[in-house]
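A short write-up of the structure that comes next.
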Amino acid sequence: MPKLALLSAPGGPIELADFPLTAPAPGTAALKLRMAGICGSDLHIFRGELPLPCPFAMGHEMVCEIAELGEGLSTDATGQPLAVGDRVVTPYFWFCGQCHACVRGRSHACQNLMAGEYRTHEHEPHFVAAHGEYYYTSRRQPLYKVPEGLTDEAVAPLNCALAQVLFALRDVRLGDTVVIQGAGGLGINAAAVARTAGAAAVVVIDKINERLDVAADFGATECIDASGMSTHEVTERVRQHTDGIGADWVLEVVGVPGVIPEGIGFLNNGGTLLEVGNVGIGRTFQLDPSALVYGNKSVRGVMFYDPVTLAIGLSFLQHTDFPFERLMPKPFRLAEVNDAFASADAGLVPRGALVP
Ligand SMILES: [Zn+2]
Ligand SMILES: [Zn+2]
């Protein structure tokens with residue numbers, strides 16, 4: 001029987017459980033996994049930083065191929081016909097379409113996320129997460145067909161990392177300056193997106209040189225290794241590369257609360273810090289709020305994205321030539337999922353990858 005990875009308890013181990021395949025419900029699809037990513041959120045869940053019940057089905061970032069189409073599902077969200085074997089991507093979440101936020105065009109801020117279709121591995125169709133051999137969509141998850149010529153390594157991070165930063169950076173304009181705190185999978189994708197959007201400067205900050213090396217190949221115009229540097233020194237370096245005034249945008253993708261005040265210090269007057277990385281709950285930081293008031297600075301929380309971002313992301317992957325394969329250097333087999341998490345947790349690769 002096909003397998004699904006379940007976190008047995010915070011900190012692990014992750015165990016592979018067998019579940020039977022079922023026929024997909026009308027309007028849904030049974031997908032066969034091709035490659036999954038291990039995202040920062042997966043690591044937060046693995047460490048027990050999110051209040052989720054164990055055993056918990058792991059993973060949400062993936063590229064799959066169609067194993068079986070449910071009744072009535074014959075095209076993707078853009079009208080392209082679908083057939084068994086086609087590669088597809090899909091958002092890992094869905095919106096209600098009816099709440100205050102949804103009807104005002106802010107569905108990414110839906111108040112009834114996953115409404116009516118909350119799923120657990122305990123009930124059919126069982127395969128409700130990415131770290132398994134199969135994944136079943138719900139009726140509200142649109143599919144987007146993957147064009148030929150794109151590698152699984154390039155596409156696997158699209159439905160989380162790449163789409164998240166595409167959506168977070170959607171207001172970046174030609175000539176803006178962007179600072180990215182953290183050169184993990186999100187940060188490296190963000191550098192490529194910001195540069196392609198026409199940012200005049202893309203400054204990436206991390207404390208691991210190997211990750212900055214990768215960022216340099218993804219559109220960063222300046223990489224700062226902050227290990228051994230004071231906040232003052234890092235801020236000075238940022239100013240040197242942002243016309244002496246600081247950045248229009250700072251994207252926080254370290255996932256550590258303490259870097260937020262530093263990030264606000266990198267902004268110019270009117271600039272905005274995009275807070276994406278801190279999905280762990282219950283951790284705090286100290287801030288003198290006058291740091292926001294003086295200079296009209298903002299902090300914007302960003303989570304989820306408009307599903308059409310996946311179509312934009314596929315086009316982005318087709319029409320840029322960043323070395324996306326470098327992001328997923330060493331896929332682990334699903335059977336080695338614990339080794340894969342240990343490697344990703346150590347932070348030495350931008351993103352862990354799993355293949356069946
Ligand atoms: Zn993710
Ligand atoms: Zn809603």
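Please read these numbers as outputs of a predicted model, since none were measured by experiment. Numbering of ligands and ligand atoms starts at 1, following listing order.
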inquiry  = Donor-acceptor check, side chain of Lys297 to backbone of Leu267, threshold 3.5 angstrom: yes or no?
reply    = yes
inquiry  = As a test of reading the structure, name the N/O/S atom of His60 that is nearest the Zn ion (ligand 1).
reply    = NE2
key: Residue His100, metal the Zn ion (ligand 2), N/O/S under 2.8 Å   = no
message = Keeping Thr242 on the side-chain end and Gly244 on the backbone end, is there a donor-acceptor pair under 3.5 Å?
response = no
Main-chain N/O of Val203 paired to Glu222 side chain as donor or acceptor, under 3.5 Å = no
key: Where the Zn ion (ligand 2) is the vertex, angle from Cys110 SG to Cys96 SG to 10°   = 100°
query = In this structure, are over 12 heavy atoms from other groups packed under 6.0 Å from Glu336 atom CD?
reply = yes
Metal-centred angle, the Zn ion (ligand 1) as apex - SG of Cys39, SG of Cys160, 10° resolution = 120°
